Participant: 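Following this message is one structure expressed as structure tokens.
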Amino acid sequence: MVRAGLTTERLVRAGAELADEVGFEKVTVSALARRFDVKVASLYSHLKSSQDLKTRIALLALEELADRAAEALAGRAGKDALRAFADAYRDYAREHPGRYQAARFRLDPETAAASAGGRHAQMTRAILRGYDLTEPDQTHAVRLLGSVFHGYVDLEAAGGFSHSAPDSQQSWTRILDALDALLRDWPALNPTPATTSTTRLPR
């Protein structure tokens with residue numbers, strides 16, 4: 001029998017808490033069963049597999065992070081919006097390292113399309129429209145921001161900036177300043193050089 005009080009939602013939230021404690025990669029149905037002191041089989045009426053559990057945690061994390069980012073962006077534009085958006089990601093990663101990792105879990109196309117991932121993309125593009133970026137530069141900029149935010153957060157979490165000056169916060173602030181400057185003066189696309197044709201003189 002399934003222990004009374006166990007629901008899919010409760011199990012997923014417990015899995016998210018476990019991810020923050022031990023790391024997302026270590027979250028399994030077996031580990032969750034030990035947390036509730038129940039047999040693994042008793043959880044399979046709620047969860048199909050460890051992959052299913054991780055997918056559900058990823059969806060939860062994407063939703064939480066989107067809500068936080070949307071709240072941070074409310075009423076902001078330009079550099080203020082960029083900074084608020086970036087800080088929302090960094091703060092979430094610090095508070096919920098396992099969930100942050102889960103938010104980047106690879107989802108199948110159908111699940112991804114129905115997730116809050118689309119909200120993240122919409123918010124990023126809304127910020128970039130404030131810099132008058134259009135396609136394809138807007139997509140290039142989306143990829144740039146994602147690379148900088150996630151890369152910095154990962155390196156910081158791994159202690160990469162702990163043993164040298166200046167302080168990590170100072171670097172983060174200056175990086176956001178630099179991103180703002182870049183977005184305001186985005187380089188123009190160089191036109192493809194015209195092919196030079198050679199006129200052959202008659203002999």
Side-chain angles (χ1 to χ4, degrees), residues 1-74 76 81 84-127 139 142-143 145-160 162:
M1 289 181 62
V2 178
R3 171 175 285 191
L6 288 185
T7 63
T8 302
E9 181 180 359
R10 185 182 177 195
L11 290 170
V12 171
R13 290 198 171 276
E17 293 171 3
L18 185 62
D20 287 337
E21 294 170 11
V22 303
F24 180 63
E25 70 283 351
K26 295 182 181 179
V27 174
T28 62
V29 174
S30 297
L32 198 57
R34 288 193 295 272
R35 191 178 188 88
F36 284 98
D37 193 25
V38 297
K39 293 182 178 180
V40 175
S42 68
L43 300 187
Y44 284 122
S45 61
H46 299 292
L47 302 165
K48 297 176 183 178
S49 61
S50 292
Q51 179 78 7
D52 179 40
L53 172 61
K54 287 186 174 182
T55 296
R56 291 174 184 273
I57 294 171
L59 294 174
L60 171 66
L62 284 169
E63 190 72 35
E64 289 181 341
L65 189 48
D67 288 344
R68 179 175 292 205
E71 182 178 355
L73 283 175
R76 298 177 185 272
F85 190 66
D87 284 344
Y89 277 82
R90 184 171 176 234
D91 291 345
Y92 186 82
R94 287 172 153 184
E95 295 170 25
H96 302 291
R99 296 187 205 201
Y100 182 77
Q101 187 179 4
R104 289 180 290 158
F105 185 61
R106 181 181 287 273
L107 303 173
D108 65 75
E110 184 177 352
T111 302
S115 75
R119 291 175 60 198
H120 293 266
Q122 290 168 7
M123 286 185 283
T124 306
R125 291 183 182 277
I127 293 170
T139 294
V142 167
R143 293 171 180 171
L145 294 184
S147 299
V148 173
F149 297 164
H150 296 309
Y152 195 92
V153 166
D154 284 346
L155 288 169
E156 186 176 48
S162 302

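None of the values given here were measured: they were computed from a predicted structure.
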Participant: If you look at every heavy atom in Phe24 and Gly98, which pair is closest and at what distance?
Facilitator: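 Answer, listing the atom of Phe24 first, then Gly98: CB-O, 3.6 Å.
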
Participant: For side chain to side chain donor-acceptor pair (under 3.5 Å), just list the numbers for Thr111 and Asp108, CA-CA rounded to whole Å, side-chain angles, deciding distance to a tenth of an Å, and then say yes or no.
Facilitator: CA-CA 5 Å; Thr111 302; Asp108 65 75; 2.8 Å; yes

Participant: Of all the heavy-atom pairs spanning Ala88 and Ala72, show the shortest one and how long it is.
Facilitator: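 Here Ala88 and Ala72 meet closest at CB-CB, 4.2 Å.
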
Participant: Go through it in stages, so that I can follow the logic: the residues are Arg34 and Val40, the test is side chain to side chain contact (heavy atoms under 4.5 Å, CB included), and I'd like the CA-CA distance, side-chain angles, deciding distance and then a yes or no.
Facilitator: CA-CA 8 Å; Arg34 288 193 295 272; Val40 175; over 6 Å; no

Participant: Taking C-beta and beyond as the side chain, do Leu18 and Lys26 meet within less than 4.5 Å on heavy atoms?
Facilitator: no

Participant: I need the Arg104 CZ to Arg99 CZ distance, nearest 0.5 Å.
Facilitator: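 Answer for the CZ-CZ pair, Arg104 versus Arg99, is 16.0 Å.
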
Participant: Take Gln101 and Glu25 through the test side chain to side chain contact (heavy atoms under 4.5 Å, CB included) and record every step on the way to the result.
Facilitator: CA-CA 9 Å; Gln101 187 179 4; Glu25 70 283 351; 3.4 Å; yes

Participant: Aromatic ring centroids of His150 and Tyr100 under 6.0 Å?
Facilitator: yes

Participant: At what distance, to the nearest 0.5 angstrom, does CZ of Arg106 lie from OG1 of Thr55?
Facilitator: 12.5 Å

Participant: Within the 4.5 Å heavy-atom criterion, are Val153 and Arg94 side-chain neighbours or not?
Facilitator: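 A side-chain contact is absent here, since even the closest heavy-atom pair is not under 4.5 Å.
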
Participant: About how many Å separate CG of Leu59 and NZ of Lys54, when rounded to the nearest 0.5 Å?
Facilitator: 14.5 Å

Participant: If you define the side chain from C-beta out and look only at heavy atoms, does anything of Leu107 sit under 4.5 Å from Leu62?
Facilitator: yes

Participant: Return the minimal non-hydrogen interatomic distance between Pro97 and Asp20, and the atom names on each side.
Facilitator: N-OD1, 3.5 Å

Participant: So do Val27 and Leu32 actually touch side chain to side chain, heavy atoms under 4.5 Å?
Facilitator: no

Participant: Taking the side chain from Ser50 and the backbone from Val29, do they hold a donor-acceptor pair closer than 3.5 Å?
Facilitator: yes

Participant: Just wondering, do Ile57 and Phe105 contact through their side chains at under 4.5 Å, heavy atoms?
Facilitator: no

Participant: Just how far is it from atom OG of Ser49 to atom CG of Leu43, taken to the nearest 0.5 Å?
Facilitator: 12.0 Å

Participant: Quick check: closest heavy atoms across Tyr92 and Ala61, and the distance to 0.1 Å?
Facilitator: OH-CA, 3.6 Å

Participant: Above 12 or not: heavy atoms from other molecules or residues under 6.0 Å from CD of Glu95?
Facilitator: yes

Participant: Just wondering, do Ile127 and Met123 contact through their side chains at under 4.5 Å, heavy atoms?
Facilitator: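 Not touching, per the 4.5 Å side-chain cut-off.
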
Participant: Could you check whether His120 and Tyr89 have their ring centres less than 6.0 Å apart?
Facilitator: yes

Participant: Are the side chains of Glu156 and Arg90 in contact, using a 4.5 Å heavy-atom criterion?
Facilitator: yes

Participant: So which heavy atom on Ala31 is nearest to which on Thr28, and how close?
Facilitator: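 Closest approach of Ala31 to Thr28, heavy atoms only: N-OG1, 3.0 Å.
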
Participant: Supply the atom-to-atom distance Ser115 OG to Leu60 CG, rounded to the nearest 0.5 angstrom.
Facilitator: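 Nearest 0.5 Å value for the OG-CG distance: 12.0 Å.
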
Participant: With side chains defined as the heavy atoms from C-beta onward, is the minimum distance between Arg35 and Glu21 less than 4.5 Å?
Facilitator: yes

Participant: Salt-bridged, Arg68 to Asp87, with N to O below 4.0 Å?
Facilitator: no

Participant: So, taking the atom named CG in Leu6 and the one named OG in Ser45, what distance separates them when rounded to the nearest 0.5 Å?
Facilitator: 8.5 Å

Participant: Is atom CZ of Arg143 surrounded by more than 12 heavy atoms (other residues, nucleotides or ligands) closer than 6.0 Å?
Facilitator: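 No, not enclosed.
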
